[in-house]
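The structure appears right after this line, and notes come after that.
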Amino acid sequence: MTDLPKTYDFQAAERRIYQWWEERGYFKPRSDPRRPDFDPAVEPFVISIPPPNVTGELHLGHAMFVSMEDLMIRYHRMKGYAALWVPGSDHAGIATQLQVERMLIAEGTSREALGREAFEQRTWEWKAKYGGIIQQQIRRLGASCDWERERFTLDPGLSRAVREAFVRLYDKGLIYRGPRMINWSPGLKTAVSDLEVEYSQEPGFLYHFKYMLDGSDEYIPVATTRPETILGDTAVAVHPEDERYRAFVGRSVIVPILGRKIPVIADDYVDRAFGTGALKITPAHDPNDYAISQRHNLPLINMLDDSAIVNENGGPYQGLSREEARKRLWDDMRAADLVIREEPYQLNVPRSQRGGEIIEPRVSTQWFVRIQPLAEAALAAVRDGRIKIVPERFTKVYYNWLENIEDWCISRQLWWGHRIPVWYCQDCNEQIVSREDPTACPHCGGNHLRQDEDVLDTWFSSALWPFSTLGWPEQTPDLRYFYPTSVMETGYDILFFWVARMIMMGLEFTGEVPFHTVYLHGLVRDENGQKMSKTKGNVIDPLLVMDELGTDALRFSMLVGSAPGNDMNLSVKKVEANRNFANKVWNASRFILGVLDNLPAAPVELVEGGWTLADSWVWGRLQALLRDVERLFAVHQYGEAGRQIYEFFWSEFADWYVEIAKIQLAEGGARARETAETLVRVLDACLRLLHPFTPFVTEELWGHLRAAAQQHGLRPFTGQEWPEALIIAAWPEGQPEEGWEAQKIAEFSLVQEIIRSIRNLRAERKVTPGRRIGAIIAAGERLPVLQEQARTIAALAFLDPQQFTLSAALSEPPQGAASLVVSSVEVYLPLAGMVDTSAERARLQGEMHDIQTQVTRLESLLGSSFAQKAPASVVNKERQKLATYQDTLSKLKTQLDSLGE
RNA sequence: GGGCGGUUAGCUCAGUUGGUUAGAGCGUUGCGUUGACAUCGCAAAGGUCGUAGGUUCGAGUCCUAUACCGCCCACCA
């Protein structure tokens with residue numbers, strides 16, 4: 001003990017311990033097909049890490065998933081599973097490309113100036129330089145990943161998996177290329193998927209204008225939010241039953257300024273009640289218009305280029321931006337008397353999830369996955385229970401998305417990513433889809449091949465992650481043993497992006513679910529529930545928190561105090577509170593180590609009578625805790641389990657047992673040894689329980705505990721011998737409840753109550769702990785229990801043992817003493833000169849009033865149909881309470897009477 | 001438009017087979033340096049569990065309706 005500082009120096013310990021764990025190979029699964037001692041009979045437990053962006057920086061989202069997953073991995077490792085946590089990182093196409101482009105611009109050059117090959121080269125260099133940072137930061141969180149199995153989505157193996165997947169889907173007809181309405185990001189100049197578009201409410205206008213009928217001065221009033229798209233209009237649509245416009249259907253109207261003639265069509269889609277009831281149709285720039293145009297065989301006029309600049313189809317507006325074209329066209333229309341009015345209107349603007357720029361719906365030739373068949377299989381896997389989603393409410397969200405899913409646009413016009421494995425023969429115009437780079441055209445033998453310029457959506461490779469990281473498409477030993485994985489733990493915000501797609505791809509390529517359980521955690525917000533963002537300045541940096549308060553405190557904060565799937569509001573104060581807990585564990589352990597220092601080395605014979613009440617109590621409480629934790633872990637209630645361990649450790653073990661242990665230790669001899677043994681075993685169990693939550697401080701303390709205990713021949717909680725490290729020690733298993741537990745716990749509760757009441761009264765009377773006072777207790781049938789506990793009561797209630805008497809009953813109540821009744825045990829405190837009779841009377845009367853309330857309540861409860869209908873055990877419990885209250889009441893009455901006038 | 005979550009102590013949140021005086025942390029108040037811990041100890045104050053109904057012997061917990069806050073999906077010009 002003497003060599004342990006008063007406060008836990010986590011800074012030094014964390015690095016040292018992590019390095020030790022890693023060097024000793026504890027992060028590797030205990031049964032490993034890559035090693036000669038592989039034992040396939042051991043059940044594996046596997047998590048694939050949600051791969052962080054390779055150039056990312058640690059944020060609380062990482063802290064959350066690492067804490068959660070490391071908890072599960074450590075727990076299962078201790079339970080004896082072959083626990084494998086596969087680490088890795090994601091190339092993160094758009095995010096990384098943007099970062100590198102920013103760097104290039106700072107250098108005065110650009111992606112375009114460099115050209116594709118040089119750009120890719122620079123990006124790899126960037127990755128080499130910054131790619132390791134995030135992994136180091138994840139190590140700091142204590143992640144017990146098998147780093148030898150680390151993977152990267154662009155490494156050769158995973159790239160091979162991507163090609164295999166692409167070719168298989170293509171051969172099956174599940175991948176196709178064609179023109180389709182997609183979301184175009186004009187700044188990035190790439191297509192993005194529906195999921196990558198976010199809608200934001202923004203103020204704008206609804207522009208009302210005239211669509212003049214050809215050869216007439218009649219017009220159809222039309223409303224639009226985007227006047228510039230008039231340039232691409234190919235029809236005006238009205239509802240077929242709309243009396244106002246019925247006569248116009250089939251005639252032509254004139255596109256403003258451009259003068260093109262376009263038809264008036266009738267379509268059910270039009271809502272007569274909205275706007276003017278007439279809808280302009282711009283098939284190339286609006287998804288709904290596109291759908292209508294398909295029904296009516298309307299032509300498509302694309303009036304914007306890749307950068308959303310008006311092209312040659314925009315006539316006089318060619319070369320203008322969307323915003324500029326809108327303004328100019330509207331001005332010109334006003335001059336031509338085509339404008340009716342502008343109405344303020346709330347717009348729902350599609351913006352890029354990445355850059356925030358306005359997304360342009362656009363018809364473009366892209367690669368798509370025909371998702372329906374995959375989605376159906378993925379739905380079935382959850383419906384029939386092969387995959388369980390926790391918390392359950394997200395299954396509905398999952399169903400809803402997959403039931404309404406659209407084909408997935410997988411091509412991106414980027415340079416950083418998996419290039420689409422398709423080549424076009426310049427000689428015969430054939431398309432070649434191949435796992436290997438072809439050297440000649442298999443159709444004509446020509447060697448003028450050009451590979452498709454596009455890369456795949458980053459999520460395409462992520463979707464293969466659980467099996468590609470284990471070696472797929474090879475049937476590797478890893479894949480055979482560790483797949484399907486056990487739990488997919490991630491944030492609910494990527495349920496669609498990632499989880500659903502992994503399930504679809506997993507089922508398609510391996511015929512099995514990629515994991516059995518999906519555990520979704522919530523998002524980490526600031527203490528007011530606001531999303532953290534740099535602009536708001538409310539970001540909590542996990543690295544700083546770890547520096548200041550320790551990794552364990554941060555981890556405990558992520559794990560405890562919120563429910564699965566619920567967002568968590570994190571404040572530094574909360575982490576501080578948990579730092580205090582780590583410190584509590586440290587100091588309680590430090591005390592116990594000190595006890596061992598002073599313990600006679602040689603074993604002594606057992607104490608007669610065995611355990612004290614406190615020993616039995618703490619043991620019974622520990623067993624109850626172990627059972628509870630096991631039950632909670634089984635239903636993924638890790639937070640509640642952590643809270644209970646915290647409560648037990650601090651409020652029961654440290655506050656009560658350790659305090660009583662001090663008394664028992666003072667007896668010396670066999671009693672002291674017995675007590676030391678209990679201290680060691682309970683502490684050992686607690687450190688094991690806490691280890692998945694707070695791995696560092698527990699490992700550090702446990703090392704000291706192990707050494708000291710071994711010196712004294714003291715056994716651990718679990719097993720006969722002390723394993724070499726806590727991280728690989730066995731999980732403490734609870735025993736089924738035994739008959740004595742409830743009784744001992746009840747007896748001890750009485751002792752606690754008596755002590756608390758005395759302390760309470762002392763506090764009321766301002767009798768400081770330094771002042772020892774006398775006490776007279778009439779215990780009735782509880783006398784034997786209290787006699788055994790006399791020393792404890794005296795010590796913890798700060799009584800003078802010389803003036804402390806216990807008896808079954810008193811012939812007459814002591815005079816001039818403050819009195820209490822605790823569960824029908826009478827307590828008298830002779831506070832000489834401090835007892836004010838009238839104040840005492842008032843206090844007793846108040847007490848009686850409270851108890852009378854309970855008596856009345858219970859009497860009426862037991863007199864009601866409750867007594868007949870409720871289970872006997874429940875009723876008996878209430879009867880018992882009533883009896884105790886009644887007894888207490890009558891004793892209080894006696895005490896009151898004895899005060900005299 | 002559809003769906004989900006939240007509403008519990010001053011603040012941030014737990015409370016999962018419905019069991020009868022509702023818990024924690026922080027904050028507040030009083031006392032305390034009793035040799036593990038002031039990153040602490042002892043004690044206290046503080047809640048009609050959003051509202052209204054219902055089921056039940058019994059509801060924070062189940063059902064219905066409703067208010068407010070937040071989120072997701074859809075994307076009516």
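Sequence lines set the chain letters: A, B, ... in the order given, protein chains first and strands last, and positions in each chain run from 1. Because only heavy atoms are used, hydrogens play no part in the values below, and waters and symmetry mates are left out as well, while side chains stay in.
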Reading nucleotides 37-50 of chain B 5' to 3', which nucleotides get B (base under 4.0 Å from a protein heavy atom), which S (sugar-phosphate only), which -?
BSBSSSSS------
Report yes if at least one side-chain N or O of A:K573 is closer than 4.0 Å to OP1 or OP2 of B:C26; otherwise report no.
no
Applying a 4.0 Å non-hydrogen cut-off, can you work out what A:A273 is touching in the nucleic acid: base, sugar-phosphate, or nothing?
nothing
How long is the line joining OH of A:Y646 and C1' of B:C26, in whole Å?
10 Å
Does B:G18 have a Watson-Crick or wobble mate here (both distances under 3.5 Å), and if so which one?
none
What nucleic acid atoms does A:K881 come within less than 4.0 Å of, heavy atoms only: base, sugar-phosphate, or nothing?
sugar-phosphate
Round to a whole Å and report the spacing from CZ of A:F556 to C1' of B:C26.
16 Å
Expressed in angstrom and rounded to an integer, what is the separation of A:I494 atom CD1 from B:C73 atom C1'?
18 Å
May I have the distance from A:M568 (atom CE) to B:G25 (atom P), rounded to whole angstrom?
17 Å
Taking only side-chain nitrogens and oxygens of A:K396, does any of them come within less than 4.0 Å of OP1 or OP2 of B:C4?
yes
Base paired to B:C11 (Watson-Crick or G-U; both N/O distances under 3.5 angstrom):
B:G25
Which class fits the ring pair A:F274 and A:Y345: parallel under 30°, tilted 30 to 60°, perpendicular over 60°?
perpendicular
Side-chain donor/acceptor of A:N400 to base of B:C73, under 3.5 Å:
no
Pairwise P distance for B:G32 and B:C71, with rounding to whole Å
50 Å
Regarding A:N566, tell me which of base, sugar-phosphate or nothing describes its non-hydrogen contacts under 4.0 Å with the strands shown.
sugar-phosphate
Any side-chain N or O of A:Y345 under 4.0 Å from OP1/OP2 of B:A77?
yes
Pairwise C1' distance for B:U48 and B:U7, with rounding to whole Å:
15 Å
Whole-angstrom distance between B:C31 and B:A22, as gauged at atom P
29 Å
G-U wobble or Watson-Crick pairing nucleotide for B:C76 (cut-off 3.5 Å, both distances)
none
With distance as the sole criterion, is a donor-acceptor pair present between the side chains of A:D289 and A:Y269 under 3.5 Å?
no
When A:F205, A:Y207, A:Y211 are each screened for ring-ring contact (aromatic ring centres under 6.0 Å, His included) with A:F209, the one that passes is A:Y211
Please give the nucleotide sitting opposite B:U48 as a Watson-Crick or G-U wobble pair, both distances under 3.5 Å, or none.
none
Whole angstroms only, please: what is the CD-C1' distance between A:E228 and B:A77?
13 Å
RNA chain B-proximal residues of residues 285-293 of chain A, any heavy atom under 4.0 Å
A:N288
Who pairs with B:G41 - Watson-Crick or G-U, where each distance is under 3.5 Å
B:C31
Using a 4.0 Å heavy-atom cut-off across all strands, classify A:Q854 as base, sugar-phosphate, or nothing.
base
Is A:V270 touching bases, backbone alone, or none of the nucleic acid, heavy atoms closer than 4.0 Å?
base
